[in-house]
Amino acid sequence: MGTISAEEQVKGELDRKTAIFEGTVLEIKQPSQKTIMSTADKVRVTFEVSRVWKGEVGQQAEVYTAMSSASCGIENFEVGTKYIVSAYKDSKPLETNICDLTKPLANARAELAILGDGYAPMDQASNESGNLMVITLIVTITAIIIGLFVWMIVKRPRV
């Protein structure tokens, strides 16, 4: 089986991944030392996001990868380097691996041409205000339900 083209890979990633973005590595946090370590233990990589092609990605994103390529992890992230990152999220945080589109931006010309302009990352403040709005809505609905319940008890005919 031959290698797939950049266009085929990008289209596949857009179909399957939760997020695709461009970001600069701010921090790399290795897993805590344990008596028994696994090549699959997760490394946390924090990115400053500058452009997004898929997903709701904030101005900073944390992505996890296995600490070793033996478990498909990306070992060569470097602080200060820009990357194109393609990541998936099941019920866990975003994750990426060596089979994904993730690579240094300098090596992604073909992919960038296919992806196009993209869009700006979500503003953290708007994301937080969105969360506040949801909480406010839940509290309001709960208050209305309690108020109706009390009103029904008060208005119930007495025997």
ring-ring contact (aromatic ring centres under 6.0 Å, His included) pairs touching residues 3-41, sequence neighbours excluded, are F21-F47
Residues at least two apart in sequence or cross-chain that pass ring pair (Phe, Tyr, Trp, His ring centres under 6.0 Å) with Y88, listed by chain then number, are none
Review point. With no hydrogens and no angle check, is any side-chain donor or acceptor of T46 less than 3.5 Å from a backbone partner on L26?
Key: no
**Q.** Side chain proximity check, T18 to K54, heavy atoms < 4.5 angstrom
**A.** no
Contacts of S5 meeting side chain to side chain donor-acceptor pair (under 3.5 Å) (sequence neighbours excluded), chain-then-number -> E8
**Prompt:** Tell me, do T24 and S50 make a side-chain contact under 4.5 Å, heavy atoms counted?
**Reply:** no
Rounded to the nearest 0.5 Å, the CE atom of M122 sits from the CD atom of Q60 at a distance of 13.5 Å
message = Using the rule that Ile, Leu, Val, Met, Phe, Trp and Tyr join whenever any side-chain heavy atoms are under 4.5 Å apart, tell me whether V10 and I84 fall into a single cluster.
response = yes
Tracing side-chain contacts under 4.5 Å among Ile, Leu, Val, Met, Phe, Trp and Tyr outward from F149 reaches I153
TODO: Kindly work out whether a path of hydrophobic side-chain contacts (I/L/V/M/F/W/Y, heavy atoms less than 4.5 Å apart) joins L94 to V85.
DONE: yes
So salt bridge (charged side-chain N to carboxylate O under 4.0 Å, His left out) across residues 13-26, not counting sequence neighbours, yields E13-R16, K17-D100, E22-R51, E22-K82
Sorted by chain and residue number, the side chain to side chain donor-acceptor pair (under 3.5 Å) partners of T39 (sequence neighbours excluded) come out as S71
Salt bridge (charged side-chain N to carboxylate O under 4.0 Å, His left out) pairs touching residues 142-151, sequence neighbours excluded, are none
d(N76 CG, I98 CD1) to nearest 0.5 Å is 10.0 Å
Those residues at least two apart in sequence (or on a different chain) that pass side chain to side chain donor-acceptor pair (under 3.5 Å) with K42 are E95
So salt bridge (charged side-chain N to carboxylate O under 4.0 Å, His left out) across residues 57-75, not counting sequence neighbours, yields R44-E62
Going by atom type alone, with no hydrogens or angles, which donor-acceptor pairs under 3.5 Å involve a side-chain atom of residues 101-118 and a protein atom two or more places apart or on another chain?
residue: T102; atom: OG1; partner: S86; partner atom: N; Å: 3.0
residue: T102; atom: OG1; partner: S86; partner atom: O; Å: 3.2
residue: T102; atom: OG1; partner: T96; partner atom: OG1; Å: 2.7
residue: K103; atom: NZ; partner: E111; partner atom: OE2; Å: 2.7

Heavy-atom closest pair (V49 atom, A61 atom, distance to 0.1 Å) is CG2-CB, 3.8 Å
One should read off an interatomic distance between I146 CD1 and T142 OG1, to the nearest 0.5 angstrom, of 6.5 Å
With sequence neighbours left out, the residues meeting salt bridge (Lys or Arg N to Asp or Glu O under 4.0 Å) with E7 are K11
According to a 4.5 Å side-chain heavy-atom criterion applied to Ile, Leu, Val, Met, Phe, Trp and Tyr, with indirect links allowed, do M152 and I144 form part of one hydrophobic cluster? no
Inset, instruction - Could you state whether V45 and V57 fall into the same hydrophobic cluster, counting links through intermediate Ile, Leu, Val, Met, Phe, Trp or Tyr residues with side-chain heavy atoms under 4.5 angstrom apart? - result: yes
Close side-chain approach of D123 to Q59, heavy-atom, < 4.5 Å: yes
ask   = What about V25 and V63, same hydrophobic cluster or not, with Ile/Leu/Val/Met/Phe/Trp/Tyr joined at side-chain heavy-atom distances under 4.5 Å?
value = yes
For V52 and P121 the tightest heavy-atom approach is CG2-CA, 3.8 Å
Across all chains, not counting sequence neighbours, the ring pair (Phe, Tyr, Trp, His ring centres under 6.0 Å) partners of Y83 are F77
To the nearest 0.5 Å, atom CD1 of I20 lies from atom CG of L14 at 4.0 Å
Residues P31 and M67: closest non-hydrogen pair is CG-SD, 3.6 Å
